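First the structure, in the form of structure tokens, and then the observations on it.
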Amino acid sequence: MERRSFLKMSAALGCAATVTGCNSSSDDANVIPPQPPVTDEVVNWSSCLVNCGSNCPIKVFTKDGIVTRVETDHEVEDNYGLHQVRACARGRSLRQRNYAVDRLKTPMKRVGERGKAEFVPISWDEATSIIAEKLSAVYAQENGAKSVFRSYGSGAYYGFASNACFNRLFNLNGGCLNAYGNYSWAQQMEAAKHTFGTGSTAGSSTITIEDSDFFLGVAYNPSEIRQSGSGEGYDYLQALQRNNGLEVVMIDPRYTDSMLGKESSWLPIRPGTDAAFAEAVAHEMINHANFDSQSLPFVLEHSVGFNKQSIEDQKAIFAASDDATKQEYAKVMNSDENYQDYILGKGIYTDAKTPEWAEKICGISAEKIRYIAGKLMTAKAPYIVVGAGVNRQANGEQSMRALYMLSVLTGKLGTRGASNGELPSMSSMSRAGIPTGKNEVKESISFFTWSEAINHGETMTARSHGVRGTDGLDTPLGANIKFILSASDSSLLNQHAEINKTADIFRNAEDLFIVSCDCWMTPGAKFADIILPDTSWLESNDLVNDSYASGSLGYLTAMSSSVESMWDCKSMYEAAAMIADKMGVGAAFRDGKNEEEWLEELYQSTKANSNNINVSPAFPATYKEAQKIGFFRKNMNDNHVSLQSFVKDGKPLSTPSGKIEIYSAELAWRAANWDQENSAQNPTGVKGDTITAIPQYTVTWDGYEDEDAKQDYPIQLAGYHTKGRTHSSYHNVPWLREAVEDAVWVNPMDGAKHGLSSGDKIEMYNERGSVEVTVRITPRVAPGVFALGQGAWYNPGNKRGSTGHIIDEGGAINSLTRYQPSPVAKGNPQHTIRVAIKKI
């Protein structure tokens, strides 16, 4: 049944339910039409702009300046391609979030110890004067611009009045320290770059699954993390409906909502062992009867590193090049380290990566591994996709690269219905944003290493920390971070690894100044020196497009403020402009325009963008007119097929060789020059902190095979994204806390082993911290693995836990994670966790 037909039927039934009298005959019924809950309402369009990948439109109803209710998009007939964009429960709870009891009402200044949330209210004039004074003092120091940092935050990076306004402010004063990567995709971006020359989101469009004859998803869960009525989750369901009978194999520690009967089989896997599984599948693929005739010609033509000869040939090409970097690559390339020998246990390698070997590690039977290998080899168009949860592991780069290899070994890349393991390609309408100007600082650090740079930025180098933009491997960054601007950014504390350690860094950094601009008193805001209260989306005029995972449908919302800004809140644009005034660059910041004029200019630029032609309805002449319409959509007809232009059209890839790199010369060079576990320059001694030219399963700290950690902390803890939050956004909405329980999932066998029942309270702990959580017994998680949703707000109580840390009663999983940047990306390994438990 069409969704719209269902709504019409539901409305009719609702009317029928209001009949009067007791006559059972509907012929005599007096039907009373339903009444709207509030009359004389004003309607505006807003948007839910959290970082889930959708940016769903929200229809806001108000009366007398108060939001009475919100609805989602039902403006058109629900025909796929130009379908309705239904917001999920999070967007539908925006009224509750807007009126949350912890809304920030006025600027505040810290008066107590950092983290104690002891503040006094101050005026905007005083707040911006203090910020301008502190910021100017930092800029006046040697390398001052490199000491200024806007921490990575995705809670408000869409639209005009976004955290980009602060980048504009900084760049008008000399710039700030850059950061590369992000908490979601850091390691997979490096893995894809060194394999396909892509950014990890160039897989075949989800819509092309309709032409696949075998689907393998590893940690792929769009129905929970992309759960709106548009985007990847909806595209995935539509593709499955059009390809009824497609065999879908899902590999995940949890039985997710992306399964629930939509899968053919679920194979639970132990966290962090994905590379072992992939190598055993590769072993069987290489030994398959079809490999030499079907796959090997493709592999030899389109890739480097499968066998010894291909590496020797590429090494000679690099050595003869006039490119100094490629000549350096040639010096470190070793053809003995080829993929075929590694998988088959030949040459310098002694152990074959057989299904029996992998079964003991990953928990998936040898029989199932052989079955998957056979299906990949006999399918005409196998669609492989690897979710981002795999990359957020200790040395997740290796796991991602290992899984990407399976698509290469099929020999079927470039075929519609097949994909290369990357996340599906998504298109989007285009939207102009406020220009941020030029950043004079050339150096950048990994997004994840900022907390370390507070005390050790002066000495961080490319060799030790992957710093980019310095002159050579050993030239230090040369400055510690002394000023942090956190704008809608829970990675300031809650979403960063090892919360207790990060909090201690903040408490002890005497020359650090922190500004938090947000709508709510988040765990990170409690550590700020100055708090600036931001306006909410329902209080904003803005222009936002669909986000990075909105699937085949593109859209744009011309937001109009539903209510006046409450209390003494100001938008990020207003806040940044006031600071700019105090620093003498206010005129340049405003560029002669007020907010209304900025939005009109950005709208006209958006309207003229060729990517936005044929939008429905057509864009009107002005932004004010667009606000009255509110919502615009376009079928993007996204039918991208991964690597098709390379395989079918001969267009070189953006790798150094121009081919798929099973053997990465760049990684061979980094292995020879960067600090890592056993490097000659500076061995870190961190288990699994290794870089190799070919993908290799690596035993890491706190992994399944880490015998040292297993003794004290026997349970693997898996983190995951829940339906009740986007990262940490919406945690403070009681509706969602009631609808989506924040409990740790425990398999019934583990429940019996540990004497646990649903509803029990336990302490989960390791040497980094303790959390108090509720137990939920369920068969939807692998034995030996506990699973806890990430994003709950850190809330330390008064009790000390088993390892001496204050117990986090909020249940923030990052109280238990480790700050240990990954080898290549220097990214976050926050899904690698071991814990012990104690019943409370």
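Just so it is clear, the structure is predicted and the values come from calculations on it, not from any experiment. Sequential numbering from 1 along the given sequence is applied to the chain's residues. Only heavy atoms go into these numbers, but all of them, side chains included; no hydrogens, no water, no symmetry mates.
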Start with the C-alpha gap between Asp534 and Arg103, add the side-chain angles, then the distance that decides, and say whether salt bridge (Lys or Arg N to Asp or Glu O under 4.0 Å) holds. CA-CA 9 Å; Asp534 188 18; Arg103 271 294 299 266; over 6 Å; no

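- Classification of the Tyr603-Tyr623 ring pair by plane angle, with boundaries at 30° and 60°, yields tilted.
- Using modelled atom types, one finds no donor on one side chain facing an acceptor on the other under 3.5 Å when comparing Lys826 with Thr449.
- Side-chain atoms of Arg392 do not come within 3.5 Å of backbone N or O of Asn828 as any donor-acceptor pair.
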List the steps and the verdict of salt bridge (Lys or Arg N to Asp or Glu O under 4.0 Å) for Lys687 and Glu677. CA-CA 7 Å; Lys687 187 180 297 183; Glu677 181 179 1; over 6 Å; no

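- The main-chain N or O of Lys134 is never found under 3.5 Å from a side-chain atom of Tyr139 such that the two would form a donor-acceptor pair.
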Evaluation steps, side-chain contact (heavy atoms from CB on, under 4.5 Å), between Arg768 and Leu816: CA-CA 6 Å; Arg768 297 178 285 274; Leu816 303 169; 5.7 Å; no

Can Thr684 and Asp689 be said to form a side chain to side chain donor-acceptor pair (under 3.5 Å), step by step? CA-CA 8 Å; Thr684 63; Asp689 184 28; 2.8 Å; yes

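- Of all heavy-atom pairs between Ala497 and Arg818, the closest is CB-O, 3.5 Å.
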Should Ser451 and Lys501 be marked as a side-chain contact (heavy atoms from CB on, under 4.5 Å) after you check the CA-CA gap, both sets of side-chain angles, and the distance that decides it? CA-CA 9 Å; Ser451 59; Lys501 180 178 180 179; over 6 Å; no

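- A donor-acceptor pair under 3.5 Å is absent between the side-chain atoms of Ser561 and the main chain of Asn541, judged by distance alone.
- Gln790 and Gln495 are linked by a side-chain donor-acceptor pair at a separation below 3.5 angstrom, with hydrogens and angles left out of the test.
- No side-chain donor-acceptor contact under 3.5 Å links Arg507 to the backbone of Glu113.
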Salt bridge (Lys or Arg N to Asp or Glu O under 4.0 Å), that's the test. Do Asp742 and Arg725 meet it? Break it down for me. CA-CA 10 Å; Asp742 286 320; Arg725 286 184 292 269; 3.1 Å; yes

Going through the checks in order, is the salt bridge (Lys or Arg N to Asp or Glu O under 4.0 Å) test met by Asp702 and Arg834? CA-CA 6 Å; Asp702 279 13; Arg834 278 197 167 276; 5.8 Å; no

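- Summarising the geometry of Asn439 relative to Gly175, their closest heavy-atom pair is OD1-CA, 3.1 Å, with the distance given to 0.1 Å.
- Checked by atom type, the side-chain pair Asp808/Ser815 shows a donor-acceptor distance below 3.5 Å.
- In this structure, Asn795 contributes its side chain and Glu809 its backbone to no donor-acceptor pair below 3.5 Å.
- Side-chain contact between Asn732 and Trp793 is present, with at least one heavy-atom pair separated by less than 4.5 Å.
- Residues Phe506 and Leu493 form a side-chain contact, since some pair of their non-hydrogen atoms from C-beta on lies under 4.5 Å apart.
- Side chains of Asn594 and Glu596: a donor-acceptor N/O pair is absent below 3.5 angstrom, by distance only.
- In this structure, Lys582 does not pair ionically with Glu133, as no charged nitrogen and carboxylate oxygen lie closer than 4.0 Å.
- Nearest heavy-atom pair, Asn480 versus Ser147, reported as atom, atom and distance to 0.1 Å: O-OG, 2.8 Å.
- Checking Thr817 against Glu498 by side-chain atom types alone, no donor-acceptor pair falls below 3.5 Å.
- Annotation: salt bridge (Lys or Arg N to Asp or Glu O under 4.0 Å) contacts of Arg114 (sequence neighbours excluded): Asp529.
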Val773/Met764 under side-chain contact (heavy atoms from CB on, under 4.5 Å): CA gap, chis, key distance, verdict: CA-CA 8 Å; Val773 289; Met764 289 197 301; 3.9 Å; yes

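- Taking Phe170 as the reference, nothing meets the ring pair (Phe, Tyr, Trp, His ring centres under 6.0 Å) condition, with sequence neighbours excluded.
- Side-chain contact annotation: Asn391 with Glu397, donor-acceptor N/O pair under 3.5 Å absent.
- A donor-acceptor pair under 3.5 Å is absent between the side-chain atoms of Glu190 and the main chain of Gln187, judged by distance alone.
- Of the possible polar contacts, none joining the Glu772 side chain to the Gly811 backbone as a donor-acceptor pair under 3.5 Å is found.
- Ring planes of Tyr183 and His496: perpendicular class, angle over 60° (limits at 30 and 60°).
- The closest donor-acceptor contact from the side chain of Arg168 to the backbone of Pro435 lies under 3.5 Å.
- A salt bridge is defined here as a Lys NZ or Arg NE, NH1 or NH2 lying under 4.0 Å from an Asp or Glu carboxylate O, and Glu118 with Arg110 fails to meet this definition.
- Taking the six-membered ring for Trp, His465 and His456 have ring centres at least 6.0 Å apart.
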Report the C-alpha distance between Leu599 and Asp542 in whole Å, list the side-chain angles of each, state the deciding distance to 0.1 Å, and finish with yes or no for side-chain contact (heavy atoms from CB on, under 4.5 Å). CA-CA 7 Å; Leu599 285 166; Asp542 216 321; 4.3 Å; yes

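- No side-chain N or O of Asp546 forms a donor-acceptor pair with one of Asn55 less than 3.5 Å apart.
- A side-chain N or O of Ser464 and one of Thr461 form a donor-acceptor pair less than 3.5 Å apart.
- Within the 4.5 Å cutoff, no side-chain heavy atoms of Ser151 are placed close to those of Phe447.
- Between Arg150 atom CZ and Cys165 atom SG the span is 10.0 Å, to the nearest 0.5 Å.
- Checking Glu452 against Tyr819 by side-chain atom types alone, a donor-acceptor pair falls below 3.5 Å.
- Nearest heavy-atom pair, Ala127 versus Ile530, reported as atom, atom and distance to 0.1 Å: CB-CG2, 4.2 Å.
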Mind running side chain to side chain donor-acceptor pair (under 3.5 Å) on Asn814 and Gln830 for me, showing each step along the way? CA-CA 7 Å; Asn814 284 313; Gln830 287 167 260; 2.5 Å; yes

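- Checked for salt-bridge contact, Glu443 and Lys146 meet the test: a charged N lies under 4.0 Å from a carboxylate O.
- Across all their heavy atoms, Ser54 and Ala549 have their closest contact at OG-O, 4.4 Å.
- Among all heavy-atom pairs drawn from Thr557 and Ser46, the shortest one is CG2-O, 3.5 Å.
- Two rings, from Tyr730 and Trp735, have their centers 6.0 Å or more apart.
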Could you give me the CA-CA distance, side-chain angles and deciding distance for Ser562 and Glu539, then say whether side chain to side chain donor-acceptor pair (under 3.5 Å) is met? CA-CA 6 Å; Ser562 307; Glu539 301 160 1; over 6 Å; no

Listed pairs under 3.5 Å, donor-acceptor, residues 509-525 side chains, sequence neighbours left out:
| residue | atom | partner | partner atom | Å |
| --- | --- | --- | --- | --- |
| Trp520 | NE1 | Arg97 | O | 3.1 |
| Thr522 | OG1 | Ala525 | N | 3.1 |

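- Listed for the Ser93 side chain is no donor-acceptor partner under 3.5 Å among the backbone atoms of Gln96.
- Residue Lys116 qualifies as open at atom NZ: its count of foreign heavy atoms under 6.0 Å is 12 or below.
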Test side chain to side chain donor-acceptor pair (under 3.5 Å) on Trp598 and Tyr573 and set out the steps. CA-CA 10 Å; Trp598 268 113; Tyr573 174 79; 3.0 Å; yes

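- Between the side chains of Asn494 and Ser728, no donor-acceptor pair of N or O atoms lies under 3.5 Å.
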